[in-house]
Enquirer: 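Submitted below is the structure of interest, expressed as structure tokens.
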Amino acid sequence: SINFDGQLTQNNQPFTASLSTSSSYATTASYISNPNGILSVYSEIDSNSVTTAVVYPTLYSGSGAISKTVTPKTTTSKFLITACINMTVYNGSGWGWGSLYKDYTLLVDKFVWSDGGVANGGSVTYVDTATDLSPRTYRVKYSTVNGDTIYLNSNGATGESTPSTLSILELNL
């Protein structure tokens with residue numbers, strides 16, 4: 001604190017170099033190394049307008065298909081993943097969809113699907129757990145039945161850009 005004379009004080013005594021802080025107030029490295037709460041925040045926006053007409057079992061994950069590679073800070077990290085996808089499908093006799101993957105592992109199947117230019121769903125939230133410190137890529141992969149045209153990040157009728165987003169929070173709980 002500062003007294004009325006402008007002198008720096010501690011417990012109403014002049015603060016001098018002879019005062020020291022006890023080691024009981026020190027923070028140890030082990031305490032800092034695994035804090036609880038948010039460890040990292042990742043965000044990706046993709047406004048790259050793309051069309052494709054893949055047919056299942058082929059999955060499209062190229063340009064315009066949003067993805068983010070992350071490396072866990074701890075082996076017990078939790079990843080809170082939120083994907084908001086803009087896609088429409090038409091110009092054929094079937095329908096199409098988008099699914100959330102971690103590398104080659106399906107996490108959430110068909111959380112967004114479209115037929116006749118009308119999209120249903122479009123967003124998903126998922127919690128994944130790290131078991132090691134190896135990098136992993138979270139991505140949305142797309143496919144169709146009968147090869148309809150998939151319009152990613154755009155309105156197929158007008159060509160207007162409608163970006164997709166992917167947000168990932170790495171948590172230590």
Side-chain angles (χ1 to χ4, degrees), residues 34-173:
N34 290 317
N36 288 333
I38 297 173
L39 299 178
S40 298
V41 177
Y42 306 94
S43 182
E44 193 73 23
I45 298 173
D46 196 333
S47 57
N48 193 12
S49 298
V50 174
T51 60
T52 185
V54 298
V55 179
Y56 187 79
T58 301
L59 300 172
Y60 180 78
S61 61
S63 176
I66 199 157
S67 67
K68 186 69 177 170
T69 300
V70 300
T71 302
K73 303 266 190 277
T74 72
T75 58
T76 58
S77 288
K78 305 283 187 208
F79 292 97
L80 177 64
I81 305 148
T82 301
C84 296
I85 302 304
N86 288 298
M87 68 167 278
T88 53
V89 175
Y90 55 94
N91 293 338
S93 59
W95 54 281
W97 66 89
S99 301
L100 180 64
Y101 281 79
K102 175 179 68 178
D103 297 323
Y104 298 101
T105 303
L106 176 64
L107 300 177
V108 181
D109 197 16
K110 298 178 181 93
F111 72 89
V112 58
W113 67 273
S114 178
D115 186 19
V118 176
N120 296 286
S123 63
V124 67
T125 300
Y126 184 85
V127 176
D128 191 33
T129 302
T131 56
D132 58 40
L133 298 177
S134 63
R136 68 243 13 249
T137 300
Y138 295 101
R139 72 179 72 231
V140 178
K141 296 182 181 183
Y142 303 87
S143 198
T144 68
V145 174
N146 297 331
D148 291 38
T149 303
I150 301 172
Y151 295 85
L152 297 177
N153 309 319
S154 70
N155 178 325
T158 66
E160 185 176 327
S161 177
T162 54
S164 296
T165 62
L166 181 64
S167 299
I168 303 170
L169 293 178
E170 182 178 1
L171 306 167
N172 189 34
L173 304 174

Enquirer: Taking the six-membered ring for Trp and the full ring for Phe, Tyr or His, determine whether the centres of Tyr151 and Tyr90 are under 6.0 Å apart.
Expert: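 So the answer is yes for these two rings.
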
Enquirer: Under the 3.5 angstrom rule, does the side chain of Glu170 hit a backbone N or O of Lys73 as a donor-acceptor pair?
Expert: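 It does hold such a pair.
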
Enquirer: So do Asn120 and Val112 actually touch side chain to side chain, heavy atoms under 4.5 Å?
Expert: no

Enquirer: Donor-acceptor check, side chain of Asp103 to backbone of Thr137, threshold 3.5 angstrom: yes or no?
Expert: yes

Enquirer: Would Thr52 and Thr149 count as a side-chain contact (heavy atoms from CB on, under 4.5 Å) here? Give the steps.
Expert: CA-CA 6 Å; Thr52 185; Thr149 303; over 6 Å; no

Enquirer: Sort out for me which residue in Thr82, Val70, Leu80 forms a side-chain contact (heavy atoms from CB on, under 4.5 Å) with Ile168.
Expert: Val70

Enquirer: Are any non-hydrogen side-chain atoms of Thr144 and Tyr60 less than 4.5 angstrom apart?
Expert: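 Of all side-chain heavy-atom pairs linking Tyr60 with Thr144, none is under 4.5 Å.
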
Enquirer: After noting the C-alpha distance and the side-chain angles of Val127 and Phe79, does the key distance pass the side-chain contact (heavy atoms from CB on, under 4.5 Å) rule?
Expert: CA-CA 5 Å; Val127 176; Phe79 292 97; over 6 Å; no

Enquirer: Could you walk me through whether Asp109 and Ser99 pass the side chain to side chain donor-acceptor pair (under 3.5 Å) check?
Expert: CA-CA 5 Å; Asp109 197 16; Ser99 301; 2.9 Å; yes

Enquirer: How many angstroms lie between CG in Asn172 and NZ in Lys78, if you round to the nearest 0.5 Å?
Expert: 9.5 Å

Enquirer: For the side chain of Asn153 and the backbone of Gly64, is there at least one donor-acceptor N/O pair under 3.5 Å apart?
Expert: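 Looks like yes, one N/O pair under 3.5 Å.
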
Enquirer: Would you kindly say whether Ser134 and Asp132 are connected by a side-chain donor-acceptor distance under 3.5 Å?
Expert: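 There is such a pair (donor and acceptor under 3.5 Å, judged by atom type) between the side chains of Ser134 and Asp132.
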
Enquirer: When you measure from the centre of the six-membered ring of Tyr101, is the NZ or CZ of Lys141 closer than 6.0 Å and no more than 45° off the axis?
Expert: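 Because its charged atom sits under 6.0 Å from the ring centre and within 45° of the axis, Lys141 does stack over Tyr101.
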
Enquirer: Would you say the side chain of Asp148 lies within less than 4.5 Å of the side chain of Asn91, judging by non-hydrogen atoms?
Expert: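 When only atoms from C-beta onward are counted, Asp148 and Asn91 do not touch, as no gap falls below 4.5 Å.
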
Enquirer: Donor-acceptor check, side chain of Ser114 to backbone of Thr88, threshold 3.5 angstrom: yes or no?
Expert: no

Enquirer: Can the ring centres of Trp97 and Tyr56 be said to be less than 6.0 Å apart?
Expert: yes

Enquirer: Show the nearest heavy-atom pair for residues Arg136 and Ala130, with the distance to one decimal.
Expert: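 For Arg136 versus Ala130, the nearest heavy atoms are NH1-CA, 3.7 Å.
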
Enquirer: Could you check Lys102 against Asp128 for side-chain contact (heavy atoms from CB on, under 4.5 Å), going step by step and ending with a plain yes or no?
Expert: CA-CA 9 Å; Lys102 175 179 68 178; Asp128 191 33; 3.0 Å; yes

Enquirer: Closer than 3.5 angstrom, by distance alone: can the side chain of Ser164 be matched with the main-chain N or O of Asn86 as a donor-acceptor pair?
Expert: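 Yes, the answer is positive, given that a donor and an acceptor are paired below the 3.5 Å cut-off.
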
